[in-house]
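Residue numbers start from 1 in every chain, and the chains themselves are labelled A, B, ... in the order their sequence lines are given, proteins ahead of strands. We use all heavy atoms of the structure for the numbers below, so side chains are in, but hydrogens, waters and symmetry mates are not.
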Amino acid sequence: MNETERSLNFLEHIIEEDLKNGFPKENLRFRFPPEPNGYLHIGHASSICLNFGLGLRYNAPVNLRFDDTNPAKEEQEYVDAIKRDVEWLGYKWNTERYASDYFQQLYDWAVLLIKEGKAYVDSQTSEEMATQKGTPTKPGVESPYRNRSLKENLELFEGMKSGKFEEGKHVLRAKIDMSSSNMLMRDPIMYRVLHKSHHRTNTNWCIYPMYDWTHGESDYIEQVSHSLCTLEFAMHRELYDWFLDQVVDKNKVRPKQREFARRNLSHTVVSKRKLLRLVEEGVVNSWDDPRMPTISGLRRRGYTPEAIRNFADTIGIAKRDNLIDVSLLEFQVRDHLNKVASRVMAVLDPLKVIITNYPEGEEEWLEAENNPGDESAGFRKVPFSRELYIEKADFKEEANKKFFRLKLGSEVRLKNAYIIKAESCTKDDDGNVVEVQCTYDPKSKSGSGTEESLRKVKGTLHWVSVKHAIEAEVRLYDRLFTDESPDTHKDKDFMEFVNPDSLEIVTGFLEPSLKYAQVEDRVQFQRLGYFCVDPDSTSEKLVFNRTVGLRDSWAKIQEKK
RNA sequence: UGGCCCAUGGUGUAAUUGGCAACACUCCGGUUUUUGGUACCGUCAUUCAAGGUUCGAGUCCUUGUGGGCCAACCA
């Protein structure tokens, strides 16, 4: 798909409109502004792709700005993780910024507002202010401190800054309109006292600016032209504009806030608080558990940056509520991995097959194609011998015509090897099949070109040689929640919908070419799915994560029964 | 009892700004296939409702209906 042919989303229409009205293209500038208080998740990925995508589309700079105005929640660890995740997604920011870089400028502007009679120090408790604020339907009442003298305001604010007061004693509020229908305009708090060390400014400051006071002014300082955020900030726009009005210079770019709907992914949760509960209550093992919707979790699961970017691209951006089915995400990984992942053979639920007419002790190394869709991927050798493993599900003593696999008396092709015929099987005391005896057609070797090798047999199975197989731990993941929207039930906690079977660990038997696989290597286990090497792997034992299964039309046929 | 935002197939987005509802995924059916994968082909909508303006409305207007957001010294 050509970028220039793609139809525009509503934000691009807004930008095009601005351009048409004379806004200089070279003044276009965007930003991605995370608060460093947790790990980035798939929802952030969408916002990252949006902002950096716009940057690429218009050849405009995009800043990475940390919205670090609340030292109680923020840590350097998160800053590092966020940078790593954005980089992994494949984006380069123009400059790395911090709202905390602007503390002095923000302070100076606040003093200016006080001098203009547009801000005042309030000395009530938060409870008092809350009651005065009114409700969406009832106007608020003005604070008794609203009309303090300029001198008193200046002194108190200076006192707040120099640490004279304890937390909660005073706040600085903008003097706007206590009866506004927009609750945010009812004299919003601009500064609060916080005697906490900040991860970058340490104890230089003991007053910290609030989001609304900080965000628009930071956009302005950076000369961001279009400040894009999610819909829950729509009501903040009026305040964003009011704060801008107080400082904006007509000759400079005035940032424009526009809002889009956050993307909700089915069968997961995304709020930091909920993600934290999953970690703390042991539902998952860590923030980067492959079942987590965090970027680090997706990375460990085996997702590629391309897949995530394509996902963001195809789901687009709009203003309506949405619940995006995970199948759209899964399609994108399959689509990408199908192109780049090498095919290998691995058996996860083994059943022994003995080729009775194959000489004992003999082995041969057969040629196997790495990727049928990509000639340049080349070939590798896989060992064949008398004793093999196939999947248990690939054998039945008897079955109907729809079962294209191994059954007694009929033939099947072993991928890259020979056609075999099941002659008999042995069972344990409980009646479970434990071994199948087969004969092979020595002239049917794959690629040999013989008449026998060209015979059409309906099924093709993957397999591994028992003697040569390497064992590995294989982690099979399923969706974390059984409900498609676990956190939208009013009377139920989202934890009630946790899928108890989201992780199954099995021992897999892999072809020996995988012996030196490296962490994050991605392969396709033929007929099973895409897998990648987990960092838990050691030199003794590899650990694989199933990224996603292959589409499985056989499973669907079975479901219908 | 208020204000703001939203409504197009099962899902997510489009529709040259008033001119034959398109794309991707899913589902279902089929062709090809040494992966029941891939690839390819095909089926699936009178755009929330009722009115109105117009030669013509998914798009504009009115009124409903349904959903989301707003009362943290969070962002």
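- Of the candidates A:I390, A:L406, A:D394, A:V412 forms a side-chain contact (heavy atoms from CB on, under 4.5 Å) with just one, namely A:L406.
- In this model, a donor atom of one side chain and an acceptor atom of the other lie less than 3.5 Å apart for A:N338 and A:R343.
- Using C1' as the reference atom, B:U47 and B:G66 are 16 Å apart when rounded to the nearest Å.
- Rounded to the nearest Å, the gap between the C1' atom of B:C60 and that of B:C25 is 33 Å.
- Taking the six-membered ring for Trp and the full ring otherwise, A:Y389 and A:W463 have centroids separated by 6.0 Å or more.
- Atom C1' of B:C20 sits at a distance of 15 Å from the matching atom of B:A45, rounded to the whole Å.
- Between the P atom of B:U11 and the CD atom of A:E330 lies a distance of 17 Å, rounded to the nearest Å.
- For the pair A:R237 and B:C5, the criterion of a side-chain N or O lying under 4.0 Å from OP1 or OP2 is not met.
- The residue A:T69 sits close only to the backbone: its heavy atoms come under 4.0 Å of sugar-phosphate atoms, none of a base.
- If you measure from atom CZ of A:R262 to atom C1' of B:C6, you get 16 Å, rounded to the nearest angstrom.
- Rounded to whole Å, atom P of B:G12 lies 6 Å from atom CG of A:N322.
- Here A:R320 pairs with nothing under the salt bridge (charged side-chain N to carboxylate O under 4.0 Å, His left out) rule; sequence neighbours left out.
- Protein atom CZ of A:F311 is 11 Å distant from nucleotide atom P of B:G12, rounded to whole Å.
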Worked verdict on A:H170 versus A:F165 for ring pair (Phe, Tyr, Trp, His ring centres under 6.0 Å): CA-CA 8 Å; A:H170 304 286; A:F165 306 114; 4.3 Å; yes

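- Across all strands, A:Y208 comes closer than 4.0 Å to no nucleic acid atom at all (heavy-atom distances).
- In this model, the phosphate group of B:A75 is approached by a side-chain N or O of A:R192 to a distance below 4.0 Å at OP1 or OP2.
- Residues A:Q332 and A:T125 each lie close to RNA chain B; by heavy-atom proximity, the contact nearer the 5' end of the strand is made by A:Q332.
- Across the protein-nucleic acid pair, A:K73 atom NZ and B:A75 atom P stand 8 Å apart, rounded to whole Å.
- Here A:A234 lies out of heavy-atom contact (under 4.0 Å) with every strand.
- Electrostatic pairing of A:R380 and A:E511 counts as a salt bridge here, judged by a charged N lying under 4.0 Å from a carboxylate O.
- Looking at heavy-atom distances under 4.0 Å, A:M210 makes contact with sugar-phosphate atoms alone, never a base.
- For A:R146 and A:D122, the salt-bridge test fails: no basic side-chain N is under 4.0 Å from an acidic carboxylate O.
- Residues from residues 161-179 of chain A placing a heavy atom under 4.0 Å of any atom in RNA chain B, listed by number, are A:G168, A:V171.
- Following rounding to the nearest Å, A:N182 (CG) and B:A71 (P) show an atom-to-atom distance of 10 Å.
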Pairing string, 5' to 3', for RNA chain B - Watson-Crick or wobble contacts under 3.5 Å, brackets [ ] where pairs cross, | to another strand: .((((((..((((.....[..))))..((((.......)))).....(((((..]....))))))))))).....

Base-contact (B) and sugar-phosphate-only (S) positions in nucleotides 34-43 of chain B, heavy-atom cut-off under 4.0 Å, - elsewhere: BBBBS-----

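- For A:E127 and B:A72, the CD to C1' distance is 12 Å, given to the nearest whole Å.
- Note on A:H13: every side-chain N or O is 4.0 Å or more away from OP1 and OP2 of B:U13.
- Rounded to whole Å, the separation between the P atoms of B:A24 and B:A14 comes to 16 Å.
- Note on A:H215: nothing from the nucleic acid sits closer than 4.0 angstrom, heavy atoms only.
- Separating the P atom of B:C4 from that of B:C40 is a span of 49 Å, rounded to the nearest Å.
- Considering only side-chain atoms of A:M129, the nucleotide from B:G12, B:C73, B:G68 that sits closest is B:C73.
- Atom pair A:I189:CD1 and B:A72:P shows a separation of 10 Å (rounding to whole Å applied).
- Rounding to the nearest 0.5 angstrom, the gap separating the NZ atom in A:K445 from the CD1 atom in A:I419 is 14.0 Å.
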Distance-only donor-acceptor pairs under 3.5 Å for side chains of residues 157-164 of chain A, two or more places apart:
from	atom 1	to	atom 2	distance (Å)
A:E158	OE1	A:Y107	OH	3.1
A:S162	OG	A:E158	O	3.0
A:S162	OG	A:G159	O	3.3

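- Salt bridge A:E259/A:R237: present, at least one basic N to carboxylate O contact under 4.0 Å.
- Taking 90° from 0 as the syn/anti boundary, the base of B:U17 is oriented syn.
- For A:D101 and A:R200, the salt-bridge test passes: some basic side-chain N is under 4.0 Å from an acidic carboxylate O.
- Taking the P atoms as reference points, B:G9 lies 10 Å from B:A49, given to the whole Å.
- Comparing the same atom, C1', in B:C23 and in B:G64 gives a spacing of 33 Å after rounding to whole Å.
- When the nucleotides B:C74, B:A71, B:G12 are ranked by their closest atom to the side chain of A:R263, B:G12 comes out on top.
- Between B:U26 and B:G51, the two P atoms lie 39 Å apart (nearest whole Å).
- A donor-acceptor contact closer than 3.5 angstrom links the side chains of A:H215 and A:D67.
- For A:E16, the side-chain hydrogen bond (donor to acceptor under 3.5 Å, both in side chains) partners are A:Y58, not counting sequence neighbours.
- Closest-nucleotide positions on RNA chain B for A:L323 and A:A130 were compared, and the one nearer the 5' end corresponds to A:L323.
- Checked against A:Y530 for a side chain to side chain donor-acceptor pair (under 3.5 Å), the options A:R334, A:H336, A:Q524 give a single hit: A:Q524.
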